[in-house]
Structures are given as structure tokens and as C-alpha cells.
2 protein chains.
Amino acid sequence: MERSNRRSAERTTERTDARTAERAVEGATPHGPGPRERTGPDRPPTIRGVAERAGVSKSLVSLVLQDSPRVSDAKRQAVLDAIEELGYRPNAAARSLVARRTHTVGVLLNDMRNPWFADVLDGLNSLLHAHGLRMLMADGRLDRRTGQEFARTFQELRVDGLVVVGTLPDTTGLAEIAERLPTVIAGNHEPRLPRVDIVANDDERGARLATEHLIRLGHRRIAHIAGQGLVGELRRRGFEAATAAHGLAGSAVVESGDGTEEGGYRAAVRLLGPARGRHRPTAVFAYNDLSGIGALSAAGELGLAVPADLSLVGYDNTYLARIRHLWLNSVNNASHEVGRLAARCLLDRMAHPDAPADRQLVAPELEIRGSTAPPAEAPGDASGGRPGGAA
Amino acid sequence: MERSNRRSAERTTERTDARTAERAVEGATPHGPGPRERTGPDRPPTIRGVAERAGVSKSLVSLVLQDSPRVSDAKRQAVLDAIEELGYRPNAAARSLVARRTHTVGVLLNDMRNPWFADVLDGLNSLLHAHGLRMLMADGRLDRRTGQEFARTFQELRVDGLVVVGTLPDTTGLAEIAERLPTVIAGNHEPRLPRVDIVANDDERGARLATEHLIRLGHRRIAHIAGQGLVGELRRRGFEAATAAHGLAGSAVVESGDGTEEGGYRAAVRLLGPARGRHRPTAVFAYNDLSGIGALSAAGELGLAVPADLSLVGYDNTYLARIRHLWLNSVNNASHEVGRLAARCLLDRMAHPDAPADRQLVAPELEIRGSTAPPAEAPGDASGGRPGGAA
DNA sequence: GTTCGAGATTGGAACGGTCCAAAGAATCCG
DNA sequence: CGGATTCTTTGGACCGTTCCAATCTCGAAC
């Protein structure tokens, strides 16, 4: 007994590292009092405390906590009262330790600033929350951890699943994680890994949609401001496929941007600047809304009116495109739906970890607003611009 | 032996709730093999496994894990090799159970869509990460949990601290949490609670800054599009104080918005619409950038050029204001700095949980772009608009 | 008045780490 | 060469849960 006291009193005062917080808290226990000091000054109440207070065993409290039907009403009430009085909250760490489930899924974003993510998260959350799972978010850009790094954190936390949203700077290490952890990629098409599902919108198709819309309006000189990563690649491919299919490959131009407003602005200056002369494109399809808005600015500065002198289409249909003062046509990438499907996939994969990788593409839709019109000097066939044009 | 086998096989199949995921995972263990099946088929490796492989005790592995200097180089290397080979990651739950620290702080946002948060999180993260703390984010709006609800989650996770970012829909229950948990509020001025620190920008002062800028330019009929919550209240107060101080209280108008682009648009239509006639304001100070952009759109539709016919100032200096096509003057609320200071506060409070509540206000600054100018029919004194005007 | 069975309750072994006290090994010094 | 000292290493208690197996309680059936 005596020894046991001294032990517990000395226990934390001899720590070698200087975690001041801990010190201060523990310091509030000046000397070890009773024969076994389980209930420190402000230690949160445990299941034992509740049991003691309710006059039952901890096992019974545990049963009450999980709504077991095999508990008498009297004791159940006593336990619930004790829980209420003590403000008891079960310790998730202890619980998940034995249950080997954390009821937490890790969500890895690459840039919290991109408004597109919010919708995906919304869709994700609705389903996950309904299944009693919480989301733990990490921003890959925020903390510049490489793949290996974030892997460590999520693995240590033993999350039950992982959702990767968007384009990751570094995907090495993801394969290793996916070996042990149900993993789903949302809003990107790579990397293709053995048991990793992919949910995304059909970027190539969306890009074709946007480009064909411009073609139907009568545009012949159409430019594309490209983005990075596989998504950028796919959107570019859709653009090129559509222009080629209409025999416009010769007059289709691609300038590279980087997905930012600044990048879009610069690309647009290169495309529309005075150097171009009369071969200037009459329409631009941008990698995303942000680039599109950059192009909008450039057009403004170059004295080109949108849509009279220049038609413009973006991608992602973020709230930016909905701002009246911008009012940009944009391809809706169904991000909410992508989020929902990703959640669905993750739940399925948690149930069947070894199922073959699935890949789901959601159909994107073009959202028409005020940034496109037939070209000013339309060379003939501009009929597609009116209602009734080809689907 | 036999019995023990049946045990582990039946273990989870009798659960009352139908968590399919769990079932399937456990189902992958068809029959319990050896006398004590510690290393299940795909159970992650534990410290024991590492110890065994390295031919040492688990205590020694533990010492290696925390860089203890009291380990011989030979054994250390053996342990590190074993860790590498097995892909071992320590279990955070087990660790935090005994250490009674999770090295995790909860961050509560109310709307992930607001671009302002990203900077705060950035600032928060930089400091917290440096101190080995990870952030667990929850969006109060995403999952419509009331104060009580999110409280439960964070308390169960035993986060080491809590940061509330922005205006919470429901703050009841926060007091109770703050009793047990180091808590800091960032970007808002309420609620004032005993041991809860507050870090924010000085909204009243920022509003004065914006308003005085307009006044110095020569504007006399200035309107404010107000926002909600205490922050909205403070910015409004700053606006009223500034107009009153310059004897413009009579011509100062306030219309209420809701912080959205739509709300700003409507408020602006009410302020600038034809009904106003010649008493139309020549300048508007908006609660935030989003409302300001709504006002920008309204001005455009009403045929008012910005800044020629209408000067406009927003608040928060988000990337929206920086979009060239909008190019809005805006009050910089120093959100990155607010995040950094909030982290600082939280660390201090974790060290001294009982210190009295602190309140820090960061000085905001006006960022000048292209959305303000002297009024068209400036009645005399417009000197303040030029460099050299009064500070 | 046993015996039985069903239902309610409880003790105790995990879970995977940390850390203390004590044991073992190596080195030093007289 | 023996004892003291220091450096390494280890066994085991403990953190707060869950859940199995065992016990306890009680009324019904024999």
C-alpha cells in the first residue's frame, strides 16, 4: 500500500521532457492521499466512477452505455442519473482500443481554399454521419507533409478509412496505406491502385460538353487554358477531342495555366493579347472557374466585352461562377454527388476490403449563365446557339 | 483451448446492431487458430511484434520510440529495422490512454465555405504543428449538431484543447466544455466565459478605418450593409461611430444583409434602387467581401460604375477581393495572425488552465484597390483622397 | 423442497501502449 | 580482485473501455 502511494505520487513529477501543460495539471496533486488515487482533481470521470456512484459494477454501466436490453429499468435509471450528474463521457481512445474501430475516417484535402471541396465534404459527411462515422480532416497543402507523413498520422490514429479528395502533390506511400486501410479517391482519377476505388466526374466528357457548346454557338477559333495533373490532362483531352471532331483542330489553341486566377489571367493575356491580331480566339474554355475568372479580368483589361467579344466557360461550377458580377458559364462537376458516392464506396469497401477496385464516373452538366454568345462576326452557321440545337 | 477458439469466432457475430462493415471484417477470420491469436491475419503490427522480431522486450522498443538516449546503438538499430520491416505504427489510442494526452486539438468552424477560415487555419496550424499537435476539424454547419452535440464528440476524443473559429450558431454548452478543456475563440468576440481566451481583429476599428477612408475621399452619403452576430454588430458600430464623428449621422444609412452575396445584392438594390432618387448613397461599406461583391453586382445592374458612381469597401480581404475583375478595397482582418495568436493562446492555456481569460485584438488594416474614388459631384473637400491626407 | 432455467449482474482478461522499479551487464577504482 | 557505480534491459502495473464466462437471484415446475 505505502509503496503504491509513493509510486503514484512520483510518477509524473520525474518526467524528463518538459511538457509544461502536464506538469501544471499534475502539480495540482501535491501529495498522494488515499490508498489508490484514481480520481485526481480534474480527471474526467470514468466508467468506474459512474459505477460507484450508481452502486453497480462497471460492466453494468457498459451495458447501459450500449443500450443492452438485459438491464433492469431501476439500475438503468440509476446509471443514467450518475452519468448525468458526473457529466461522464466515454473515452474514445479506450473504447477504440478494445473495439479496434475508431469510427473515424480520415479525409485528405490538398487545398482547403478551393471552394469545390466544400461540396464534396458536404456530400461525404451526410452519408458518413448517418453511419456514425466522424471525419478527421487534414490539408496536405497546409502542413507540407509528403505522402509518407500524413500516412503516419492517419495510421497512428487507426482511422477506419481514408478519403483522398482531389489531386495530391505526392501519391507515393498511398499504395502502402491502401494495403491496410479502406481507401477511396474522390474527384481525381489517379492513382489506380489495386483495392482503391475512384469516384469522380467525367472530366473529359465535361470538357467536351463545354467545347461543343461553344462550337454550336458558332465559334471556330476556340482556346483552352489548361490545368495541371491528370484532371487537367483529361479536360484538355476532352477539349481537343471536341474540336477535332468538328474539324477545328487547326484553329484550337491550348495555353497552360495552373488553376489559379493569376495563371488564368496570364494565359488569357497570351491568348488574347495584341500579338494575336485577327487570329485571336473568340471563345475560351478554362480549366476551372478560377482560371476562367482570371481570363475574364484579362479580357476586361484588353477591352474585350464578355460575351459580346469573347465567350468564356469555366469548370466546377463553384459559387464564384454564380457571383452575379462574374456570372460564368461553368461545367457542374456534381461535387456533392461525388462526395456522396465516395462515402457509399468507402462504406462498401469497409464491408468488403478485398473487393476489386471500383471506378464510378458521374456525368457532369453544363450550367449556362451569361458568359457565352455567338461570335461577333459569326461566319455563317450560328444556329446551334438557339434552343432546339443538337443535343 | 477449444472453448477459447469458439469465443473469438462468436465474438462479434452476436452484436445486436447491424454494422455490416464490422461483420465483414471480422468474418475474414473464419476460425480461431492458435492458443492465443495475437497476430490476426491483417491486424496491424504491435509493439510486441516489433519486440519479438528485434529480439528485445517491448519496454525497449518503447524507449527507442521516444528517442531515449539510454539504449545501445546495436539494439536501437535492431528495433528500427524491425519497425521498418513490419511497417509498424504506434497506436495513438493506446498511447493517449496512458499518457492522458491526445496531442490533438479540436477546431470548430461554422462554415468551411468562407474563404476567411483558410487563413486562420493556416496560422493555427503553423504553430500547433510545430508543437506536435494535430488539428481535428469539425464544421458546425456541415453536421447540424448543436453546441451540445459537437461537445460530446470532442470530449469523447479527449482532445487537448479546443479552438472555436468564427461565429457559432449555438454557444450553449460551450461553457460546460470550457470547464474541462482549454478553449480559445478566434475571430469572434463572444461568448465571454471565465477561462476562455479570445483572439480577433478589432472589428469596430476596422469598420472605422473603412468608413473614414470613404469620408476622406469626400463622400457624404455613405451606406452600410450590415452583417449578423456580434461581429456584424461591431462593424456596424464602427461605421456609425465614424459617420457620427464627422457629423454625417443624418445621411448614414444601414441596410441589413446576411453576409452572403445574395444578401449583399438585395441590400444594395434597396440602397441604390430608383426609389432613392438623388439621395442615393455615393459609397457603401459592406460587412464582408461577399456582401460587397453582391453590392458590386447590384451597382452593375443599376448602371452605376464602380468606383466612378459608387465607392465600395468590403471586409476580410479574402482572395475574392483580390480577383482582378472585382478588385475590391477591403479591410484586412489579419486572419493569419489571428490564427497564430489563437494557437499561442491555446498553448499558454494548456500550460496554465486556470489563468484568467485573455483577450487580444489585432489591428486591422485597409487594403486599397480599385473600388473607391472621390464622389462624382464631390461637394468641395475631396483632398483626403490624395496621398498626404490625414492619417 | 429441490431442481431448473431465464434473466440480471459481476469479475476479470484483453486491447496496445508508457513508465517505474528492479535486475543484469559493463566499467571503474582502490 | 571485489565492491561501487553507471549504463542497459526487462517484467509488470496501469490507462478506461468491452465482452466473455461465471455467478447470483428468483419464480416456476416437478
Side-chain angles (χ1 to χ4, degrees), chain A residues 3-4 6-17 22 36-40 43-51 54-66 68-76 78-79 88-102 156 158, chain B residues 3-16 22 36-40 43-51 54-66 68-76 78-79 88-102 156 158:
Chain A
R3 301 233 324 262
S4 135
R6 276 186 46 232
R7 251 221 280 166
S8 82
E10 286 170 1
R11 184 165 192 166
T12 48
T13 47
E14 296 221 24
R15 294 260 171 83
T16 51
D17 59 359
E22 220 150 335
R36 185 169 287 191
E37 183 63 19
R38 277 190 188 288
T39 56
R43 263 202 213 177
T46 74
I47 201 173
R48 294 190 125 87
V50 175
V56 300
S57 73
K58 67 188 171 51
S59 301
L60 192 89
V61 177
S62 179
L63 289 175
V64 171
L65 284 178
Q66 40 209 310
S68 167
R70 324 182 308 185
V71 180
S72 67
D73 289 347
K75 300 250 173 175
R76 158 167 286 127
V79 169
Y88 166 76
R89 295 281 173 265
N91 182 325
R95 184 176 273 186
S96 72
L97 186 56
V98 56
R100 247 180 262 96
R101 283 202 77 195
T102 54
E156 287 185 4
R158 298 286 192 276
Chain B
R3 299 239 317 269
S4 137
N5 285 351
R6 280 188 40 237
R7 244 222 276 173
S8 81
E10 285 171 358
R11 188 165 190 165
T12 48
T13 49
E14 296 223 20
R15 292 261 171 83
T16 52
E22 217 151 341
R36 185 167 286 188
E37 184 64 18
R38 279 193 186 287
T39 56
R43 263 202 211 177
T46 73
I47 200 172
R48 296 188 125 87
V50 174
V56 300
S57 73
K58 66 186 171 60
S59 301
L60 191 88
V61 178
S62 179
L63 288 176
V64 171
L65 283 177
Q66 39 209 310
S68 168
R70 324 182 307 185
V71 181
S72 67
D73 288 347
K75 301 249 174 181
R76 155 168 290 129
V79 169
Y88 167 76
R89 294 282 173 263
N91 182 324
R95 184 177 273 183
S96 72
L97 188 55
V98 56
R100 246 181 262 99
R101 284 200 79 193
T102 54
E156 288 186 2
R158 299 286 193 277

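Below, read A as the first sequence line, B as the second, and so on, with proteins coming before strands; counting in each chain starts at 1.
Distance A:Leu60 CG to D:dT18 P: 12 Å, rounded to the nearest Å. Atoms NZ (B:Lys75) and P (D:dC7) sit 18 Å apart, rounded to a whole Å. Atom P of nucleotide C:dG17 and atom CZ of B:Arg100 are separated by 18 Å, given to the nearest angstrom. Rounded to an integer number of Å, the gap from CD1 of A:Ile47 to P of D:dC19 is 11 Å. Between the CZ atom of B:Arg101 and the P atom of D:dC15 there is a distance of 19 Å, rounded to whole Å. A:Leu63 has its CG atom 9 Å from the P atom of C:dT9, to the nearest Å. In this structure, CZ of A:Arg43 is placed 10 Å from C1' of D:dG16, rounded to the nearest angstrom. Whole-Å rounding puts the B:Arg70 CZ to D:dT10 P distance at 13 Å.
Here the CG-OG distance, from B:Leu63 to B:Ser57, works out to 7.5 Å after rounding to the nearest 0.5 Å. Taking CG of B:Leu60 as the start and OG of B:Ser72 as the end, the distance is 7.0 Å to the nearest 0.5 Å. Considering CD1 of B:Ile47 and CZ of B:Arg95, their distance stands at 8.5 Å, rounded to 0.5 Å.
Among the protein residues, B:Ser59 comes within range of the nucleic acid bases, having at least one heavy atom under 4.0 Å from a base atom. Residue contacts for B:Lys58: at a heavy-atom cut-off of 4.0 Å it reaches a base atom on one of the strands shown.
By the 4.5 Å heavy-atom criterion applied to side chains, A:Arg100 and A:Arg158 are not counted as neighbours. With a 4.5 Å cut-off on side-chain heavy atoms, B:Tyr88 and B:Leu65 count as touching.
Nearest-nucleotide assignment on DNA chain D puts the 5′-proximal partner with B:Val56, out of B:Val56 and B:Leu97. Mapping B:Arg158 and B:Arg76 onto DNA chain D by nearest heavy atom places B:Arg76 closer to the 5' end of the strand.
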Task: Criterion side chain to side chain contact (heavy atoms under 4.5 Å, CB included) on A:Ser62 and A:Gln66, from CA distance to verdict - done: CA-CA 7 Å; A:Ser62 179; A:Gln66 40 209 310; 2.9 Å; yes
- [ ] Could you walk me through whether B:Asn91 and A:Glu156 pass side chain to side chain contact (heavy atoms under 4.5 Å, CB included), step by step?
- [x] CA-CA 5 Å; B:Asn91 182 324; A:Glu156 287 185 4; over 6 Å; no
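Each of D:dT9, D:dT18, C:dG17 was ranked by its minimum atom distance to the side chain of B:Val98; first place goes to C:dG17. When distances run from any side-chain atom of A:Arg95 to the nucleotides D:dT18, D:dG16, C:dG16, the shortest one goes to D:dT18. Listed nucleotides: C:dG17, C:dT10, D:dT9. Nearest to the side chain of B:Pro90: C:dG17.
For the residue pair B:Arg76 and B:Val64, the shortest heavy atom distance occurs at CA-CG2, 4.1 Å.
Within the structure, every side-chain polar atom (N or O) of B:Gln66 is placed at least 4.0 Å from both OP1 and OP2 of C:dG17. Phosphate contact (OP1/OP2 of C:dG17, side-chain N/O of B:Ser96, threshold under 4.0 Å): absent. Considering only side-chain N and O atoms, B:Thr46 lies nowhere under 4.0 angstrom from the phosphate OP1 or OP2 of C:dG16. Residue B:Ser57 places no side-chain N or O under 4.0 Å from the OP1 or OP2 atom of D:dG11.
End-to-end axis angle of the helix from C:dG1-D:dC30 to C:dG30-D:dC1, using five pairs per end and rounding to 10°, comes to 60°.
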